[in-house]
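Taking it in order: structure first as structure tokens, then the write-up.
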Amino acid sequence: MMEMASSDTRERLISAAADLIAASPGEDFSLRAVCDAVGVKMPTLYHFFGSKQGLIDAVVEHGFDLYLGEKAAMESSGDPIQDIRAGWDAHVAFGLTNPGFYTLMYGKVSPGHSPAGQSRANEILKGLTSRAADQGRLAVSPDQAAAHVLVSNIGVTLRQIILAQPDPELSHAVREGVMAAITGTATGQG
């Protein structure tokens, strides 16, 4: 019973921090505010996370869980190139809907450190680029194709978050430019 209460407290702390981050994307948040929202004292937060960074890391993982849950719910079209396009659009939509999570997930970087959730998302993309390569549809290696897609997708999404304005035309144009580059087609429709 105590384990369940501990797990519940931990999840409530993550949820409270996530709510504060979502309410003020890009802003710092107070550990005291997180504790107050859950009704616990600071030592409880430190017990579970060790530090503010530990809590932030847990929130980032929570964000990736939400993001990957949405990706998992997407049905494959059977065409890896079309699935990359759909994944791009889902990525942008997640970022615009969840700017607080997204900026933690992709906007705050530490040299040499990649959150575990990022590698899970990258594996999904690499699976699609590998399938496309197996079908002879890539002009670059699967790893290079995945890198092109990921860095461009992140950049387009962060730009829209920074400007606080969706730009579907930009997203579409960059997506199709990347698709043309990785498939070696003039239009990106290969």
Side-chain angles (χ1 to χ4, degrees), residues 14-15 18-19 21-23 25-26 57-109 113-190:
I14 292 170
S15 181
D19 290 346
I21 290 165
D57 291 345
V59 171
V60 167
E61 285 303 310
H62 177 69
F64 274 108
D65 289 344
L66 290 174
Y67 172 61
L68 294 171
E70 288 179 12
K71 279 218 178 268
M74 293 175 58
E75 288 192 31
S76 171
S77 69
D79 177 349
I81 299 297
Q82 286 308 111
D83 289 347
I84 292 169
R85 282 188 175 95
W88 175 291
D89 294 342
H91 184 106
V92 171
F94 179 85
L96 295 178
T97 304
N98 303 282
F101 278 135
Y102 192 88
T103 56
L104 279 178
M105 292 163 60
Y106 288 107
K108 299 210 184 264
V109 297
H113 172 73
S114 176
Q118 255 183 24
S119 64
R120 294 183 312 187
N122 294 349
E123 290 307 313
I124 293 170
L125 181 56
K126 284 182 184 178
L128 291 171
T129 58
S130 292
R131 285 190 17 234
D134 291 347
Q135 294 174 3
R137 298 176 68 192
L138 292 184
V140 298
S141 73
D143 285 344
Q144 191 65 35
H148 281 312
V149 171
L150 185 63
V151 300
S152 301
N153 206 186
I154 292 168
V156 163
T157 305
L158 285 174
R159 176 177 167 72
Q160 292 176 81
I161 290 170
I162 290 166
L163 297 177
Q165 179 177 334
D167 190 343
E169 292 80 20
L170 173 70
S171 183
H172 177 81
V174 174
R175 183 192 71 198
E176 292 309 311
V178 169
M179 297 308 291
I182 69 171
T183 61
T185 61
T187 64
Q189 298 294 322

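- Note: L138 CG to M179 CE = 8.0 Å, rounded to the nearest 0.5 Å.
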Go through the steps for T97 and Y102 under the test side chain to side chain contact (heavy atoms under 4.5 Å, CB included), then give the verdict.
CA-CA 9 Å; T97 304; Y102 192 88; over 6 Å; no
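- No side-chain heavy atom of K126 sits under 4.5 Å from any side-chain heavy atom of V149.
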List the steps and the verdict of side chain to side chain contact (heavy atoms under 4.5 Å, CB included) for E61 and I14.
CA-CA 10 Å; E61 285 303 310; I14 292 170; over 6 Å; no
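- Of all the heavy atoms in L128 and P80, the pair that sits closest is O-CB, 3.4 Å.
- Put simply, the side chain of D167 never gets that close to the backbone of Q160: no donor and acceptor are under 3.5 Å apart.
- In this structure, a donor-acceptor pair under 3.5 Å is present between the side chains of S171 and W88.
- With R137 as reference, D79 is the one residue of T129, D79, I182 to meet the side chain to side chain contact (heavy atoms under 4.5 Å, CB included) rule.
- N98 places a side-chain N or O within donor-acceptor distance of the main-chain N or O of F94, the cut-off being under 3.5 Å.
- Note: Y67 and H91 have perpendicular aromatic rings, judged against thresholds of 30 and 60 degrees for the angle between ring planes.
- Considering all non-hydrogen atoms of both residues, I161 and P99 come closest at CG2-CB, 4.0 Å.
- Ring centroids of F64 and Y106 are separated by less than 6.0 Å, placing the two rings close together.
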Test side chain to side chain contact (heavy atoms under 4.5 Å, CB included) on M105 and I154; report intermediate values, then the result.
CA-CA 10 Å; M105 292 163 60; I154 292 168; over 6 Å; no
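- Nearest heavy-atom pair, V178 versus S152, reported as atom, atom and distance to 0.1 Å: CG2-OG, 3.3 Å.
- Contact detail for P166 and P168: the closest heavy-atom pair is C-CD, 3.6 Å.
- Looking at every heavy atom in both residues, G63 comes nearest to F101 through CA-CD2, 3.9 Å.
- Residues R131 and D83 meet the side-chain proximity criterion, which asks for heavy atoms closer than 4.5 Å.
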